[in-house]
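Since the structure comes first, as C-alpha cells, the remarks are kept for the end.
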Amino acid sequence: MPSARTRTTRTLLIDNYDSYTYNLFQVLAEVSGDTPVVVRNDEKSLEEVKELVKNLAIDNIVISPGPGTPEREEDIGVCKDLFRAFPHIPILGVCLGHQVLASVHGGKIVRAPEPVHGRVSEISHDGHALFKGMPSGVDAGLEVVRYHSLMVDESSLPPNVVPIAWTTGRHRALRSSQKPAQQGSHTTDSPPIVMALAASGLPHFGIQFHPESIGTKFGVRLMQNFHELTCGLQGRPSLELVRDDVGPPGHRMVPKAFVVDAEGWEGNLEVCFRKCDGIASFDQADVDRLFDAMFRPNHGAPNDSFWLDSAATDRGRYSFMGGVGGPLWRSLSYTLGKTSSPEFKSDLGTLTIRDAEGNISTWHGDLWDYLEREMKCNRVRSTPELLKALPFNFWGGYVGYLGYELKALCGGENAHRSPTPDACFLLADRLIAIDHRENDVYCVAMKRMDSLDSSETSRWLDSTCQTVLSILGGKGQPQSQEVQDVSTSTSFLKSTLQNGGHESALQPGGGFSLDRPHATYTRDIESCLEYMHAGESYEICLTNKLRRAFPCGDGTAKKFYSLLRRLNPAPYAAFLNFPSEDMAICCSSPERFLKGDRGGVLEARPIKGTASRHSDKAKDEAAAHALATSEKDQAENLMIVDLLRNDLGRVCESGSVYVPSLMKVESHTTVHQLVSTVKGNRRRGVSVASAIRAAFPGGSMTGAPKIRTMSLIDGLEKKARGVYSGSIGYIGFNDAFDLNIVIRTAVLHKGEMSIGAGGAIVVQSGVQDEFDEMLLKTKALIGAVKAYEENGPV
C-alpha cells in the first residue's frame, strides 16, 4: 500500500468527442495508479469543473484529441478556459489539445502541408523533461503516430510558448521491413513541424502526436514523464508502476478469465442437451439439408428461423441454427422513435414482442435498457460439468441483428428512418449447435429452473437428435435438387468474377441500380477528402447500396442463401428469416464486430484494406503482398485498430487491452483483406449490453472520430443504412455473445434485394479507386445472383 507521500495521481481527462480518448484513459490509469475522471468538453461549465477539481483533489489535467479546430468554440467547449483557470495545475494537451494551448496564447492554427492520419513520423526534441529518457533525431527510434490535418504555425508563437519537439521531415507507413532512409516511395518528405510545446513559467504542455496509439514508441514513457512532472511540482515522489515504457501502450497484460468461469454461477434457467453420437462426418451440403429438414416445412418458406453459419470452417468452428422454439421463445422487432434524447425515454423507440402462443405486446424505451434488463432477469445456471460438456458459448438467448441506425442510442444522431426494423431478435430456447472441427452435433434446450414438466423438453431433444442422425448419420441418401453438386455454379461464379460481372450488373439490363450513381458517389468522396483536410475527420467509411427486385417468399431467400454460402463461404455468415416483417437476410460476412467469452474476454477483429483476388497464382500473391505493404491500407487499418482499442478501453480493465495480431492478410473467395485483432478483459460490473453499446456501431463501418464522422456520413449518404453496417449474432444468457459486421450481405425486404458496399476514405484515397473498391465488394453477391438466375438454386 503506497504511503501518503507516494499516493496515486488523480487526472481529469477532458474528452473532445474523440475516438482515442479511452486509449489515453488506459495509459493514464497505468502510469498514475488511479482511474482518470472523464468529462466531455461541453458537459460542465467552467465553474462546475473548478468545483470538481477541488472536490476530487485533481492533480493534473489531460485534454484529448478531437475533430475540428480550437478556433471554433463548439469543437473545444471549456478547453481554452482550463488553461486560463488553472495556471498552477499541470495540463497536457494532445493533438487538438496541443493546438488549444497555442491558440490560448495567440498562436495561429493553419492547415498542415498535408494531412497525416495513421502514419508514423520520427521526431527530435530539445531534451525537455517531458521527453526524459527518450531518444531524439533521425533513426534514433522515437517514432510516433500522427492524426492531424491542422498544425501550429511556429512563426506565430509568442516568446512564452516554446517549441520543444519537431518532426525530422519524414513520415511513412507503420509496418515496413525497411528503415525510413531505405524506404523510397514508402517515405514522404515534408518540412519539420512542431510536435510539442511548453508554456514558459507554467506547467502547461502540448503534443501534436498521439502517445496512446498502438504504433507510437515511448508513448507510455512520455505519459510517465508527465506524471513525474506533476509529482515534482507537488513535492512528492512518483510511483514507478510501469516498467516497459518503450513498446506500444497496453500490450503487457494478457486478459484473464473471470473466476466465475471456473466455478460456475447460479441462475434461474437450466440447459439440457443431447450430443448426437454416431455421426462419422458431414459436409456443408449435409448441414444445409439439416436446416431445411428442421425449419423449412415441405421445402417451403422457413418460419421464424436463424442460422449462424461458420461456412468457412477453416476460420470458424461452430454454427448454430433454430426456429420457433419452446415456452420461452419469442420474437422481437424494434423501431426507433423520432428522438434520441434520453430525457424522453418512452419516445426513444417501440419494441413489439410476439410469444410462442402468438400473443403480442409492446414496450417503449431504449433497446439497450431492455437488453440490460433481460440479461439480469434471465441467467443460465452454470456448473463445471456443463462448462466441460458444452465447448461452445451459445446455450440460448437472443439471436438476430442490430441495425446501423441504433447509433442514435450510442451517441450518434437519429438522422434517417430505416424501411426495415432497427433491430430484430428471436429468443432461442431450443437450438442445434454444430462443431465443424470435431464433427459433433448438439441439441440444446433452455428452460426455467422452476418448470414442473420437463417431459416436453426431453421429447424435443430426443426427436431432434433423431432427425439430426437421420440427416447427418445416413450418408448416401439422395439429395434434393436444391443441394445437388455445385461445381457448375462455382465455375460460373468464377467466370463471372474474372470477367467483371459486378460491373455489368449496373449496366442496362443488369438488374441493379445504385442509390447514388457514379457522379454523386465520387462527389461524396471528394467531400470526404475536404472534410479530412479541414480536420473534421481522420477516416470516413462511405457506403452505397445496390438495389433490384427479388422475391423472398416461397423459400426463395433460403435457396439463394444456400447458393451464396457455397460460392462464398465466410466465417461469420448468417441466414435470418422474419416472415412477419417480410424480410430475410443472406449474409456472408468475413468480419467479427465483437465477441465476449463466458470468462469476460472481449475480442474485435476489424477489417480495413481490400484487394481483388486473381486466378493467376503469381498475380494473386503479388496482390496480397501489395495489400500488406500499402501505406494507405495500413493507415486505414491502424486508425480503426486504435478506435477499437478505445471502444474496448471504455469497458475493460486498465492495462488489459492489447493487439495480438496487427494487419494480417486473410484471403477469401473474391478478395484479400487486412485484418487485426484487439482483445481486452471486461471490467467487473460492466454488463454485456454495456460492452456492446460502447463499441456500436463497429468502427470499421464509421471511421474516426466516430461521433463526428457518423454525422458527416448522415449528411453525405442521406439515407438509412438499415441492417447493413450493423451486426448479426447472438447475445446469450450465459454472459457470452458473438456479433459480426454486416457486410457482403443481401437484405431481402418486401420484394427488393439491397446490397450495401463501401470503403474507408482516407487522405491518400483516389476518387475512382474508391468507387471501384466499393463495386469490388459486391462481387460475390452479384455473382451469386447471376448464378442463381442462370443456373437456378443449388
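This is a predicted model, so every value here is computed, not measured.
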Working to the nearest 0.5 Å, report the span between [atom1] of [X] and [atom2] of [Y].
| X | Y | atom1 | atom2 | answer |
| --- | --- | --- | --- | --- |
| D435 | I279 | CG | CD1 | 11.0 Å |
| L386 | L390 | CG | CG | 4.5 Å |
| S700 | I640 | OG | CD1 | 6.5 Å |
| L648 | K679 | CG | NZ | 11.5 Å |
| K407 | L336 | NZ | CG | 9.0 Å |
| L638 | R645 | CG | CZ | 9.0 Å |

Flag the pair [X] / [Y] as yes when at least one side-chain heavy-atom distance between them is below 4.5 Å, and no otherwise.
| X | Y | answer |
| --- | --- | --- |
| K777 | I743 | no |
| P590 | E666 | no |
| W329 | E357 | no |
| Y398 | L427 | yes |
| F696 | L409 | no |
| L674 | V665 | yes |
| L602 | F737 | yes |
| V678 | D647 | no |

Atom of [X], atom of [Y] and distance for their closest heavy-atom approach:
| X | Y | result |
| --- | --- | --- |
| T745 | C587 | OG1-SG, 3.1 Å |
| F306 | A428 | CE2-CB, 3.6 Å |
| G325 | D429 | CA-OD1, 3.5 Å |
| R683 | C652 | NH1-O, 3.3 Å |
| E372 | S687 | OE2-OG, 2.8 Å |
| A691 | V686 | N-CG1, 4.2 Å |

Sequence neighbours excluded, the answer for salt bridge (Lys or Arg N to Asp or Glu O under 4.0 Å) partners of R592 is E603, D738

Sorted by chain and number, sequence neighbours left out, salt bridge (Lys or Arg N to Asp or Glu O under 4.0 Å) with D309 holds for R565

Is there a donor-acceptor pair closer than 3.5 Å between any side-chain N or O of [X] and the backbone N or O of [Y]?
| X | Y | answer |
| --- | --- | --- |
| E591 | I741 | no |
| S310 | Y318 | yes |
| N681 | E653 | no |
| T464 | L461 | no |
| R721 | Y404 | no |
| S656 | S654 | no |
| N740 | S589 | no |
| N577 | A584 | no |
| N23 | D642 | yes |
| N568 | A780 | no |

Centre-to-centre under 6.0 Å for Y370 and Y334, is that the case here? no

side-chain hydrogen bond (donor to acceptor under 3.5 Å, both in side chains) filter on T610, not counting sequence neighbours, yields Q673

Would you be so kind as to tabulate the donor-acceptor pairs closer than 3.5 Å made by side chains of residues 269-278, with sequence neighbours excluded?
unit_1, atom_1, unit_2, atom_2, d
E270, OE2, K447, NZ, 2.6
R274, NE, D462, OD1, 3.1
R274, NH2, D462, OD1, 3.4

Does a donor on one side chain and an acceptor on the other come within less than 3.5 Å for R744 and S588? no

* Test item: side-chain donor near acceptor, N393 and D597, under 3.5 Å -> yes

Residues at least two apart in sequence or cross-chain that pass ring pair (Phe, Tyr, Trp, His ring centres under 6.0 Å) with F291, listed by chain then number, are F295, W307, F575

Sorted by chain and number, sequence neighbours left out, ring pair (Phe, Tyr, Trp, His ring centres under 6.0 Å) with Y730 holds for F320, F394

Audit row: R448, L328, side chain to side chain contact (heavy atoms under 4.5 Å, CB included) steps and yes/no:
CA-CA 8 Å; R448 296 206 177 278; L328 300 179; 3.6 Å; yes

Please test S19 against N646 for side chain to side chain donor-acceptor pair (under 3.5 Å), starting from the C-alpha separation and ending with a verdict. CA-CA 6 Å; S19 288; N646 171 85; 5.2 Å; no

Trace of the side chain to side chain contact (heavy atoms under 4.5 Å, CB included) decision for E374 with F425: CA-CA 13 Å; E374 286 289 287; F425 281 96; over 6 Å; no

Ion pair present between [X] and [Y], side-chain N to carboxylate O less than 4.0 angstrom?
| X | Y | value |
| --- | --- | --- |
| E456 | R459 | yes |
| D286 | R289 | yes |
| D440 | R317 | no |

Stepwise, does the side chain to side chain contact (heavy atoms under 4.5 Å, CB included) test hold for H749 with F578? CA-CA 10 Å; H749 183 233; F578 302 103; over 6 Å; no

_Pair D288-K558, salt bridge (Lys or Arg N to Asp or Glu O under 4.0 Å): steps then yes or no_ = CA-CA 10 Å; D288 205 314; K558 170 54 178 59; 2.5 Å; yes

- Query: What do the steps show when you test M446 against N378 for side chain to side chain contact (heavy atoms under 4.5 Å, CB included), and what is the final call?
  - Reply: CA-CA 11 Å; M446 180 178 67; N378 298 284; over 6 Å; no

